[in-house]
Amino acid sequence: MEKALNVLVIGGNRYVGKRLVARLLAECHRVTVLNRGSSPPPAGVEHLRADRDDERSLTDALGSRVFDVVVDQVCYTPRQAAIARRVFTGRTRRYVMTSTVEVYEYEDSEALVREEAVDPSTVPVDAALPWDDPAFLEAHYGEGKRQAEAVLAAGPEFASTVVRVAHVLGGDDDFTGRLAHYAERMRTGEPIAVPAANRPATYVYVEEIASFLAWAAGEDFTGPVNAASSGALSTEELCAAVAAHVPGGRAGFRPVEVGEVSPFSFRRFYGMDNARAARLGFTFSEARQWLPRAVAETLGKDD
């Protein structure tokens, strides 16, 4: 980034978001965080409190503020995207939405999936669906993100990009409990349920996705971009890294045809191609290089 930017981060109070804020501050950008939380932001950060689902609340909190770029960490539905588009049109030159690999949930290809597999401009939007129902939203997470992307992409007058983030690993503040699931199975000797045909997936290190988002804030490209480290990982590889932190740790797998399986095992391929990011100027690392470090951070070196 060549100049200091005025950046608004929506969300930004945990995990990837707090790392993004730290990077932006380290690069001497002016940072404002907007969320509903009461926890104080880092020193040097302006904190705005608002419910992003409430357009009036959002508008009132922003007042007359304008920004060079907005990074939206918590946009999950087309309704939220529509509110954001209305509120921030004319307030920012660039909108960066954190999306997900789950937008490709209907793809199943052994080849790494490229961005054009899901074109936001062709995705139908149904704002009448019960997006405010937490159970519905959880069950339709990928669809919510897909439709949110479509709303932001509707017309050239709102410059936006959507960052499709792979499964994130690393950090002692990983709140998902997914790696802990494997560690607990190894401690108790319980088998780890995996699909009978278990497919690999691409991942990204938590520190690297924060760096990518900070970098993307200062760029001017639009449209979707995949954010994933190079090299797909299997459940067996993840478990091997986890086993290093469990005394006598050994993974036993139980293939299942139907029913619930472990968090990082998949019946279809979850691999994303990161070539567009490289062409734009950001080269992701190899997943196998950071995997041991990421697992150690999450489980603890002496777990």
Side-chain angles (χ1 to χ4, degrees), residues 1 5 7-12 14-24 27 29 31 33 52 67-78 80-81 84-85 88 92-105 107 112-121 123 141-153 158-170 201-230 270-285 287:
M1 303 181 190
L5 300 174
V7 183
L8 173 69
V9 178
I10 304 178
R14 66 176 184 171
Y15 205 39
V16 175
K18 72 179 186 181
R19 288 169 171 81
L20 166 62
V21 169
R23 278 162 176 73
L24 293 170
E27 294 171 0
H29 299 302
V31 182
V33 169
R52 63 96 34 82
F67 304 93
D68 294 309
V69 60
V70 175
V71 183
D72 192 343
Q73 291 283 90
V74 288
C75 185
Y76 302 108
T77 73
Q80 292 175 330
R85 185 178 177 115
F88 288 103
T92 185
R93 66 166 182 81
R94 176 168 172 74
Y95 203 90
V96 179
M97 173 190 148
T98 300
S99 189
T100 173
V101 63
E102 298 295 340
V103 301
Y104 299 121
E105 63 184 329
E107 304 297 320
L112 297 176
V113 178
R114 298 166 70 175
E115 289 84 356
E116 53 264 35
V118 176
D119 179 354
S121 67
V123 173
Y141 176 69
E143 183 61 27
K145 286 286 193 178
R146 241 189 328 268
Q147 292 194 26
E149 289 188 9
V151 170
L152 295 182
F158 192 77
S160 66
T161 186
V162 291
V163 179
R164 294 171 176 169
V165 181
H167 305 288
V168 182
L169 294 174
T202 45
Y203 295 82
V204 67
Y205 183 40
V206 64
E207 302 292 346
E208 191 165 36
I209 187 57
S211 294
F212 181 80
L213 289 168
W215 170 80
E219 300 298 309
D220 58 6
F221 61 87
T222 58
V225 59
N226 291 337
S229 296
S230 297
Y270 260 94
M272 290 196 297
D273 186 301
N274 60 19
R276 185 181 188 221
R279 290 194 301 271
L280 291 168
F282 190 100
T283 302
F284 282 95
S285 64

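Heads up: numbering here begins at 1 and tracks the sequence. The basis for the numbers below is simple: all heavy atoms, side chains too, and nothing from hydrogens, waters or symmetry mates.
For Asp273 (side chain) and Leu112 (main-chain N/O), no donor-acceptor pair under 3.5 Å exists by modelled atom type. In this structure, the side chain of Glu208 engages the main chain of Ser285 through a donor-acceptor pair within 3.5 Å. No donor-acceptor distance shorter than 3.5 angstrom exists from the side chain of Gln147 to the backbone of Val123, with no hydrogens or angles considered.
Between His167 and Tyr203, the angle of the ring planes lies from 30° to 60°, which puts this pair in the tilted group.
Salt-bridge annotation for Glu207 and Arg23: present, with a side-chain N of the basic residue lying under 4.0 Å from a carboxylate O of the acidic one. Taking a cutoff of 4.0 Å between a charged side-chain nitrogen and a carboxylate oxygen, Arg146 and Glu143 qualify as a salt bridge.
When side chains are defined from C-beta on, Leu8 does not count as touching Thr92, because their heavy atoms never get closer than 4.5 Å. Between Ser160 and Arg85 there is no side-chain heavy-atom pair separated by less than 4.5 Å. At least one side-chain heavy atom of Val168 sits less than 4.5 Å from a side-chain heavy atom of Tyr15. Residues Asp68 and Val7 form no side-chain contact, since every pair of their non-hydrogen atoms from C-beta on lies 4.5 Å or further apart. Counting heavy atoms from C-beta outward, Phe88 and Leu152 have side chains that stay 4.5 Å or more apart.
Here OH of Tyr76 is found 9.0 Å from CZ of Arg52. Values are rounded to the nearest 0.5 Å. To the nearest 0.5 Å, atom CZ of residue Phe284 and atom CG of residue Asn274 are 6.5 Å apart. A distance of 10.5 Å separates CD of Glu219 from OG1 of Thr161, quoted to the nearest 0.5 Å. To the nearest 0.5 Å, atoms CG (Leu280) and CG (Asp220) are separated by 9.0 Å. To the nearest 0.5 Å, atoms CE (Met97) and CG (Asp72) are separated by 7.0 Å.
In plain terms, the two heavy atoms of Val118 and Pro120 that are nearest each other are O-CD, 3.4 Å. In terms of heavy atoms, Pro78 sits closest to Gly144 at CD-O, 4.0 Å. In terms of heavy atoms, Arg19 sits closest to Ala210 at CB-CB, 3.6 Å. Minimum heavy-atom separation, Arg93 to Ala217: NH2-O, 3.9 Å. Nearest heavy atoms, Ala117 versus Tyr104: CB-CE2, 4.1 Å. The nearest pair of heavy atoms linking Ile209 to Val163 is CD1-CG1, 4.3 Å.
Taking a 6.0 Å sphere around CZ of Arg14, one finds it holds 12 or fewer heavy atoms contributed by other residues, nucleotides or ligands. For Arg276, the CZ atom counts as densely surrounded, since its 6.0 Å shell holds more than 12 non-hydrogen atoms of other residues, nucleotides or ligands.
Legend: residues meeting side-chain contact (heavy atoms from CB on, under 4.5 Å) with Ala166, ordered by chain and number and at least two apart, are Thr202, Val204, Ala228, Met272.
With a 6.0 Å cutoff to the six-membered ring centre and a 45° limit on the axis angle, Arg94 counts as a cation-pi contact of Phe221.
When the options Val162, Val71, Ile10 are evaluated for a side-chain contact (heavy atoms from CB on, under 4.5 Å) with Tyr95, the one that passes is Ile10. Checked options Leu213, Val21, Val165; the residue passing with Val16 is Leu213 (criterion: side-chain contact (heavy atoms from CB on, under 4.5 Å)). With respect to Thr98, the side chain to side chain donor-acceptor pair (under 3.5 Å) criterion is satisfied by exactly one of Arg164, Gln73, Lys145: Gln73.
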Verdict with reasoning, Phe158 to Val151, per side chain to side chain contact (heavy atoms under 4.5 Å, CB included): CA-CA 10 Å; Phe158 192 77; Val151 170; over 6 Å; no
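With 3.5 Å as the limit, one finds a donor-acceptor pair spanning the side chains of Glu102 and Tyr270.
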